[in-house]
Amino acid sequence: MTGANPATTRARVLITGGCGFLGCNIAAGLVARGRDVLVMDNLSRPGSEQNAEWLKQRYGNSVAIEIADTRDTEAVDELVSASDAVMHLAAQVAVTTSLDDPISDFEINGRGTLNVLEAIRRNGRQIPIIFASTNKVYGKLLDLPEVRPVDGRNVPCDPRFAQGVGEDAPLDLYSPYGCSKGAADQYVRDYARVFGLRSVVFRMSCIYGPRQFGNEDQGWIAHFLLQSIHQRPITIYGDGHQVRDALFVDDAVDAWIRALDNIDTIRGQIFNLGGGPSNAISLRELLDFITELRGEQPQVRFAEWRPGDQPWYVSDIRALSRVLDWQPRVPVRQGLGRIERWLDARVNAPAATTELLEARP
């Protein structure tokens, strides 16, 4: 499936990885605000083809889809030349995959990002780029002796983390995935300093919501829910007290679009993007929520900690809130109900294709 020849289409916002979970939701948000979108995706991730179909059926000519890979410099150059902004989300997203194949991980995350940056630099129009980085660039951050379990969740012993992890936390790249994303993160920042690119980096936490096809390595909230819906066991690595901050996808989309609208105010900066302390949740707490939602307790088994697993991570989102007048609006309990209903409908009514394609995310 492809859209029109990008050389002949009017200027659009290019979303690399735009058939992924967050990418397709950003595409929908941009179209809702009157923007046209050009999606670049190699459709390698499970669920991306379904998201591509949803975008085309729902938004028609407002979304053009090009099947291409950011490692293909010619394709990147052509699509950037047809765009007036870039949302760069295309990536290899799993720590475990990076451990199996570090070279491919770097080629996708490091070289792919550099290809996008170079295409923008050579193009000469200084179009904006917003980049999806990750909180994994901070490494483990805290070891187990530095947290204590309280009521089913880990709490940092150091009171300086009361508002979460700020952007001034030192980088401690852990795992090939952390290294490749960290390198890309710093390239995007440095191209703003050295070449004047209008760039912003978002170090993202757990984004969740409809159109997410979660698996064990990425999209853990959707994965836990899917396992429960299928009545399959959920594996917890560690003790389950580890904490993440969760951000509903509508709130993430709002932040991305606000960043694009205010690019010249925030260009060259890095922000943590997550749910913040008010939306922090432990794995054990999520299991309790699932029990409430589903009316039965999920099957659970425990395994050893994985390399680089963070026993606690919560984003300090105050910097982003100040500059963009942005706050998460969807609390975790409400957001979990919305994604559970979407996943349940998809699993238990697979023949209802039209209903799913037309359902708003």
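Being a predicted model, the structure only gives us computed values, none of them experimental.
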**Q** So does Gly178 get a backbone contact from the side chain of Ser175, meaning a donor-acceptor N/O pair under 3.5 Å?
**A** yes

**Q** Using every non-hydrogen atom in the two residues, find where Thr70 and Val116 come nearest and quote the distance to one decimal.
**A** CG2-CG2, 4.3 Å

**Q** Is there a donor-acceptor contact under 3.5 Å linking the side chains of Asn272 and Tyr138?
**A**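 Looking only at side-chain atoms, Tyr138 and Asn272 do form a donor-acceptor pair, the distance falling under 3.5 Å.
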
**Q** Grab the two heavy atoms, one from Ser180 and one from Phe106, that are nearest each other, plus how far apart they are.
**A** CB-CA, 4.0 Å

**Q** Considering non-hydrogen atoms only, spot the tightest contact between Ile263 and Pro128 and give its length.
**A**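 Of all heavy-atom pairs spanning Ile263 and Pro128, the closest is CG1-CB, 3.7 Å.
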
**Q** Hey, what do you get for OG (Ser83) to CD1 (Ile120), rounding to the nearest 0.5 Å?
**A** 9.0 Å

**Q** Is there a donor-acceptor pair closer than 3.5 Å between any side-chain N or O of Arg45 and the backbone N or O of Phe21?
**A** no

**Q** Decide yes or no for Leu117 and Phe131: does some side-chain heavy atom of the first lie under 4.5 Å from some side-chain heavy atom of the second?
**A** no

**Q** When you check the side-chain N and O atoms of Gln231 and Glu296, is any donor under 3.5 Å from an acceptor?
**A**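 There is such a pair between these side chains.
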
**Q** When you look at Thr113 and Ile108, which way does the side-chain contact (heavy atoms from CB on, under 4.5 Å) test go after all the steps?
**A** CA-CA 8 Å; Thr113 298; Ile108 296 167; over 6 Å; no

**Q** Determine, for Asp261 against Arg258, whether the closest basic-nitrogen to carboxylate-oxygen distance falls under 4.0 angstrom.
**A**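 Salt bridge flag = no for Arg258 with Asp261.
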
**Q** To the nearest 0.5 Å, tell me how far Ile270 CD1 sits from Asp168 CG.
**A** 11.5 Å

**Q** Can you check whether Leu89's main-chain N or O pairs, donor with acceptor, with Thr16's side chain at less than 3.5 Å?
**A** yes

**Q** Under 3.5 Å, side chain of Trp54 to main-chain N/O of Cys19, donor-acceptor pair present?
**A**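 No, Trp54 side chain to Cys19 backbone: no donor-acceptor pair under 3.5 Å.
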
**Q** Does Gln242 form a side-chain contact (heavy atoms from CB on, under 4.5 Å) with Arg284? I'd like the steps, not just the answer.
**A** CA-CA 8 Å; Gln242 53 263 52; Arg284 289 178 180 265; over 6 Å; no

**Q** Hydrogens and angles aside, do Ser48 and Asp41 bring a side-chain donor and acceptor to less than 3.5 Å of each other?
**A** no

**Q** Calculate, to the nearest 0.5 Å, the distance between atoms CE and CD1 belonging to Met87 and Ile15 respectively.
**A**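 It is 6.5 Å, given to the nearest 0.5 Å.
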
**Q** Taking Ile229 as the starting point, is it possible to reach Leu336 by hopping between hydrophobic residues whose side chains are less than 4.5 Å apart?
**A** yes

**Q** Roughly how far apart are Phe202 CZ and Asn135 CG, rounded to 0.5 Å?
**A**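 So the CZ of Phe202 and the CG of Asn135 are separated by 14.5 Å.
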
**Q** Check whether any side-chain heavy atom of Phe224 sits under 4.5 Å from a side-chain heavy atom of Ile290, and report yes or no.
**A**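 Side-chain contact under 4.5 Å: yes.
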
**Q** Do Trp256 and Leu22 come close enough that some side-chain heavy atom pair is under 4.5 Å?
**A** yes

**Q** With the threshold set at 4.0 Å, does a side-chain nitrogen-carboxylate oxygen contact exist between Asp84 and Arg12?
**A** no

**Q** Charged N to carboxylate O below 4.0 Å: is that the case for Arg341 and Asp344?
**A** no

**Q** Is there a donor-acceptor contact under 3.5 Å from the side chain of Asp251 to the main chain of Pro328?
**A**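 It does not hold such a pair.
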
**Q** Tell me if a side-chain donor or acceptor on Glu107 pairs with a main-chain N or O of Gly112 at a distance below 3.5 Å.
**A** no

**Q** Give a yes or no answer on whether the side chain of Ser282 reaches the backbone of Gly152 with a donor-acceptor pair at less than 3.5 Å.
**A** yes

**Q** If the threshold is 4.0 Å, N to carboxylate O, is there a salt bridge linking Glu118 and Arg122?
**A** yes

**Q** Applying side-chain hydrogen bond (donor to acceptor under 3.5 Å, both in side chains), run through Ser98 and Asp105 and close with a yes or a no.
**A** CA-CA 5 Å; Ser98 78; Asp105 173 80; 4.6 Å; no

**Q** Backbone N or O of Val93 within a donor-acceptor pair of the Thr97 side chain at under 3.5 Å?
**A** no

**Q** Are Tyr208 and Phe248, when compared by the centres of their aromatic rings, separated by less than 6.0 Å?
**A** yes

**Q** Would you sort out whether Tyr191 and Ser199 count as a side-chain contact (heavy atoms from CB on, under 4.5 Å), showing the intermediate values?
**A** CA-CA 8 Å; Tyr191 266 58; Ser199 72; 5.8 Å; no

**Q** Report the C-alpha separation of Thr265 and Asn262 in whole Å, then their side-chain angles, then the decisive distance to 0.1 Å, and conclude whether the side-chain hydrogen bond (donor to acceptor under 3.5 Å, both in side chains) test is met.
**A** CA-CA 5 Å; Thr265 301; Asn262 294 275; 4.7 Å; no

**Q** Could you state the interatomic distance from CG (Asn42) to CZ (Arg71), rounded to the nearest 0.5 Å?
**A**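 Answer rounded to 0.5 Å: 6.5 Å.
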
**Q** Answer yes when Arg338 and Asp250 have at least one side-chain N-carboxylate O distance shorter than 4.0 Å, and no when they do not.
**A**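 Yes.
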
**Q** Would a 4.5 Å heavy-atom cut-off, applied to side chains only, mark Leu225 and Ile339 as touching?
**A** yes

**Q** Between Arg203 and Asp185, does any side-chain N to carboxylate O distance fall below 4.0 Å?
**A**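 So Arg203 pairs with Asp185 through a salt bridge.
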
**Q** Could you state the interatomic distance from CG (Leu99) to CZ (Arg306), rounded to the nearest 0.5 Å?
**A**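 Those atoms lie 10.0 Å apart.
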
**Q** Return yes if some donor-acceptor pair links the side-chain N/O of Asp101 with the main-chain N/O of Ser104 below 3.5 Å, else return no.
**A** yes

**Q** With no hydrogens and no angle check, is any side-chain donor or acceptor of Thr134 less than 3.5 Å from a backbone partner on Lys136?
**A**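 The answer is yes, because a donor-acceptor pair under 3.5 Å joins these two groups.
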
**Q** Please check if atom CZ in Arg111 has more than 12 non-hydrogen atoms from other residues, nucleotides or ligands closer than 6.0 Å.
**A**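 12 or below, so no.
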
**Q** Can a side-chain donor-acceptor contact be found between Arg198 and Gln126 if the only test is distance below 3.5 angstrom?
**A**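 No pair is found: no donor N or O on one side chain lies under 3.5 Å from an acceptor on the other.
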
**Q** For side-chain hydrogen bond (donor to acceptor under 3.5 Å, both in side chains), just list the numbers for Asp245 and Ser205, CA-CA rounded to whole Å, side-chain angles, deciding distance to a tenth of an Å, and then say yes or no.
**A** CA-CA 7 Å; Asp245 64 327; Ser205 294; 2.9 Å; yes

